[in-house]
Number of protein chains: 2
Amino acid sequence: MTRRLPGDMPPEEFRRFARETADWIADFLAHAGDRRVLPAVTPGSTIDALPAKPPDEGEDMSAILADFDRLIVPGLTQWNHPGFFAYFAITASGPGILGEMLTAAVNTNGMLWRTSPASTELEQVVLDWLWQLMGLPGHVFGMIHDTASTSTLHAVVAAREAQEDLAIRTRGQSGAPPLMYYTSEQANSSVEKAAITLGIGQENVRKIPVDDVYRMRPEVLDAAIAQDLAAGRRPFCVVATVGTTSTASIDPVPQIAEICRRRNVWLHVDAAYGGIAAIVPEMRHVLAGCELSDSLVVNPHKWLFTPVDLSAFYCRRPEILRRAFSLVPEYLAATEDPRAVNMTEYGVPLGRRFRALKLWFVLRYFGRQGIIDNIREHLRLAREFSARIIGHPDFELMAPTLFSTVCFRFHPQHSGDDRLQALNRSLLDAVNRTGRIFLSHTVLRGHYTLRLAIGNLRTSQAHVDEAWNLLRSKAHDLTL
Amino acid sequence: MTRRLPGDMPPEEFRRFARETADWIADFLAHAGDRRVLPAVTPGSTIDALPAKPPDEGEDMSAILADFDRLIVPGLTQWNHPGFFAYFAITASGPGILGEMLTAAVNTNGMLWRTSPASTELEQVVLDWLWQLMGLPGHVFGMIHDTASTSTLHAVVAAREAQEDLAIRTRGQSGAPPLMYYTSEQANSSVEKAAITLGIGQENVRKIPVDDVYRMRPEVLDAAIAQDLAAGRRPFCVVATVGTTSTASIDPVPQIAEICRRRNVWLHVDAAYGGIAAIVPEMRHVLAGCELSDSLVVNPHKWLFTPVDLSAFYCRRPEILRRAFSLVPEYLAATEDPRAVNMTEYGVPLGRRFRALKLWFVLRYFGRQGIIDNIREHLRLAREFSARIIGHPDFELMAPTLFSTVCFRFHPQHSGDDRLQALNRSLLDAVNRTGRIFLSHTVLRGHYTLRLAIGNLRTSQAHVDEAWNLLRSKAHDLTL
């Protein structure tokens, strides 16, 4: 226990612990595959291991770091583990971590241009770079949010604001006709959550049915919009998805965009996962039609090696975002210059972390070619795993493998459908309990389905082989 | 230019650059006061200095870091500079930066308990510690958001959900009566922004007038609620502030809480800045009445030495938050155990960065006493500066100094009111142009007012003296 002098940790003390921490991280990354992916902890065990009261006197940094290593790390799910195949796998790459270190140190708050000119401008540069990398035409306003959920929330507010005659910003929604919102049955929960957060109402969220490969059916969308218009309701926003969460299916964006234009409805595209694949030339087609969208979200913190959090939100009509969100009290009065963009005018958060730096580091360190090589390898690994599933008599592919996510189930020959859910649950539990890999699941047309999602930079052929071997061996055990 | 092998930066390369970066940060912190606080850059200059296209091949990390040092840092406003007195001053402390380094490395996404058990639980522990430190009674549900803007947005959604009969989540706002929202004229813009984002409508935001020291007038609030009720409108939320942005005034929370309870209206307290002061025993009174609020936000990334971003949001009725936000699709089906809290059910973002770690490091490294010593010193420096203003015939104090923020203006004897705005604008510009200090301004009852806000750990008596000397000397120059 140390009674400290006023002020921060002295620089030489910081230097010592920062170097130690740098080494800890280097070791951690070198042995990323050695820990359990899913920790062996029970709910409440970390809380119980920590003091119920904060310390009165300051503690030594070495003791604090030792506790992190001893009490916290073993209780973390290892998202940076090469055997992480659940949800969508992600990576904190080396250059991304270096970026985060520097972001923390300079600690800028880019609410206004003047409160952090270079971070404000770097954000514009890197988002433009990413837009170009995805092969999308022209230059579109971009801003960084924490997550796709937040990006989509902003898109929906802009979509509402675009219904100018309703003047929602001034009058609110209570006098307005029901605002109708459309997405597919397979959209991420964040799409519906944006609507309920904004007071659109779950009743007014139309979940359009999908076709046999989980794509929104545009003719049903068009009919739903027509029906709502005829009933005096106000269709205002469609959210299409490129790379849905369950199966990574791709909604038919070109047709949906045509409907939206004709109906004067905002089109937002959730390409949080799938958009990154478009950096690979032969995958560019996955964003077909997205040049016609009003807004689009893609998450570098998903499949572009960037530490959490960094969601890139693009909006073709930034003047509408600004109309929806701008409030400039005197204490935030800012530089008047068309090139001095004040980011807080375009969204909810007033404070803004310097997130662009890590993405700049990642894009420069890997370069276009390095990104392509890695994403292409993930796609190859997924295709190969998918082929193994198809080729095995006791496994069944549950959806086409378009990206790096494979949906499948264990389906032993002669096994009745009624047994399959319990069997696959048990199989998932068995492979995850090994601590070597972590897969998650979904349900497709009532069928319990396993998902293997490849996206970590450290995941190689050997890790996918290990997953396949574990799945077969545990499946075998279950049917003994 | 380097064609890289698939995979991440090799661990030994990472180790080398992480150590270098650790040293860079240690040097940066040791010389935090040597740079210009406000950079000497023009809008667009960073954009113009960077390539318009992303690189095709990977680049050397050493070149990238050199560019950061050369092209980015000189264009950053130095929020970690001891001469930063604008808005509310903040600190990325040494332990906070170490926390950020580790958060980036482990890269967990705490959307569900199982996706990061220890981070989910550490968040509960540190927010409970902070609650105790502020002297508030009992244990209240807490969660971390990026900014106070986001915390307040969540409070308003919960407030709306608490009007159960309206069933907004299901039905939306369009059939509901106008939802009426109350805050003071002096509230932060984020309070109004929450309302416009959520479709409440600016017309339905009642900005309650303040008294002579900028505190919300509770009797006017009560009358406004009564009037709205009589007109068939639905009052649902009051936001009171402890430490307003312009003057750091404190709304009379005990009286406001009594009104809210009587009227069945949700009370949210914005203590983003001021709440931290309550850790100092003689300042505990600033949170009087807050134990009666339904929700409260306080920002460790403001005055508690924690790198941006970390806003602590407390809610006494978490079941209402959960009712408002919970959506559990099959692919997020989670551990069923009352101690396994799935944080994504309580808010907008699905993904969640491990922000609790840096706050844990800060609270442990400084301890209660270290925090008190530093905050108390900031309060003393502000009081002393305030006394200098009062004691000088050509300066005028514009609001009481309750915390570490001093509102004042240059008011030379015999100078007419009409000249004062231009004079103070010029004075602000002159001191900020030195690059040694950075102050911001506000307008109080039509009077252009300068603000000096103390909050950086490196700010000492010498820096406040320098500010005072610069202000007097530049003021003298202006009246020659």
Side-chain angles (χ1 to χ4, degrees), chain A residues 4 8-9 11 14-15 18-19 22 25-26 30 43-44 46-47 50 54-59 64 72 75 92-94 97 100 104-105 107 116-118 121 129 147 149 171-174 178 189 199 201 307-309 327 329-331 337 339-340 349-351 353 364 367-368 370 442-443 457, chain B residues 4 8-9 11 14-15 18-19 22 25-26 30 43-44 46-47 54-59 64 72 75 77 92-94 97 100 104-105 107 117-118 121 125 129 147 149 171-174 178 189 199 201 307-309 327 329-331 337 339-340 349-351 353 364 367-368 370 442-443 457:
Chain A
R4 306 201 177 285
D8 194 9
M9 174 185 276
F14 176 80
R15 189 186 306 274
R19 284 179 180 171
I25 296 172
T46 305
I47 289 174
L50 296 170
D56 281 326
E57 301 290 327
E59 299 183 58
I64 300 169
I72 303 299
S93 65
I97 297 168
E100 284 284 32
N107 203 36
S116 197
E121 298 191 12
W129 284 9
T147 60
S149 308
R171 289 186 224 146
Q173 286 168 207
S174 77
S189 56
V308 170
D309 48 15
L327 278 176
E330 188 61 33
Y331 53 79
D337 181 305
R339 298 194 78 186
L350 178 52
R353 214 167 156 260
R364 291 188 62 180
R368 181 197 298 265
T442 188
V443 170
L457 274 183
Chain B
R4 305 200 177 287
D8 194 9
M9 176 185 273
F14 176 81
R15 188 187 306 274
R19 284 180 180 172
I25 297 173
T46 305
I47 290 174
D56 282 325
E57 300 291 326
E59 299 183 58
I64 301 169
I72 303 300
T77 300
S93 66
I97 296 168
E100 284 283 33
N107 202 35
E121 298 190 13
V125 170
W129 283 10
T147 61
S149 307
R171 289 187 223 145
Q173 285 167 208
S174 77
S189 56
V308 170
D309 45 19
L327 278 177
E330 187 61 33
Y331 53 79
D337 182 306
R339 296 193 79 187
L350 176 53
R353 214 168 155 258
R364 291 188 61 181
R368 181 196 298 264
T442 188
V443 170
L457 273 184

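Worth knowing before you read on, the calculation uses all heavy atoms, side chains too, and leaves out hydrogens, waters and symmetry mates.
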**Request:** Could you tell me which portion of B:Asp56 (side chain, backbone, both or neither) has an atom closer than 4.5 angstrom to a non-hydrogen atom of chain A?
**Result:** both
**Asked** Is a donor on one side and an acceptor on the other found under 3.5 Å between the side chain of A:Glu121 and the backbone of B:Thr46?
**Response** yes
**Asked** Given a strict heavy-atom distance threshold of 4.5 Å, which part of B:Thr147 is in contact with chain A: side chain, backbone, both, or neither?
**Response** side chain
**Message:** I need the residue from A:Gly44, A:Ser93, A:Pro349, A:Gly172 with the largest number of non-hydrogen atom pairs under 4.5 Å to chain B.
**Reply:** A:Gly44
**Complete:** Given A:Arg19, A:Arg368, A:Arg353, the one with more heavy-atom pairs under 4.5 angstrom with chain B than any other is A:Arg353
**Request:** Give the minimum heavy-atom separation between A:Ala105 and B:Ile97, together with the two atoms involved.
**Result:** CA-CD1, 3.8 Å
**Under 4.5 Å from a heavy atom of chain B, the part of A:Leu50 involved** = side chain
**Request:** Select, from B:Gly75, B:Gly94, B:Pro43, the one with the greatest count of heavy-atom pairs under 4.5 Å involving chain A.
**Result:** B:Pro43
**Item:** chain A contacts, top residue of B:Ala92, B:Ala340, B:Ala118, B:Pro11 (heavy-atom pairs, under 4.5 Å)
**Value:** B:Ala118
**Asked** Between the side chain of B:Glu330 and the main-chain N/O of A:Thr442, is any donor-acceptor distance below 3.5 Å?
**Response** no
**Fill in**
Interatomic distance, CD1@A:Ile47 vs CZ@B:Arg339, rounded to 0.5 Å, equals 5.5 Å
**Message:** Among A:Ala22, A:Pro54, A:Ala18, which residue has the highest count of heavy-atom pairs closer than 4.5 Å to chain B?
**Reply:** A:Pro54
**Prompt:** Tell me, side chain or backbone of B:Val308 under 4.5 Å from chain A's heavy atoms, or both, or neither?
**Reply:** both
**Message:** Check whether B:Glu100 reaches the backbone of A:Ala104 with its side chain - one donor and one acceptor, N or O, closer than 3.5 Å.
**Reply:** no
**Fill in**
Note: vs chain B, highest number of non-hydrogen pairs under 4.5 angstrom among A:Pro117, A:Pro329, A:Ser116, A:Pro307 is A:Pro117
**Asked** At what distance, to the nearest 0.5 angstrom, does OG1 of B:Thr77 lie from CG of A:Asn107?
**Response** 12.5 Å
**Item:** Residue among A:Ser189, A:Pro178, A:Gly351 with most heavy-atom pairs under 4.5 Å to chain B
**Value:** A:Ser189
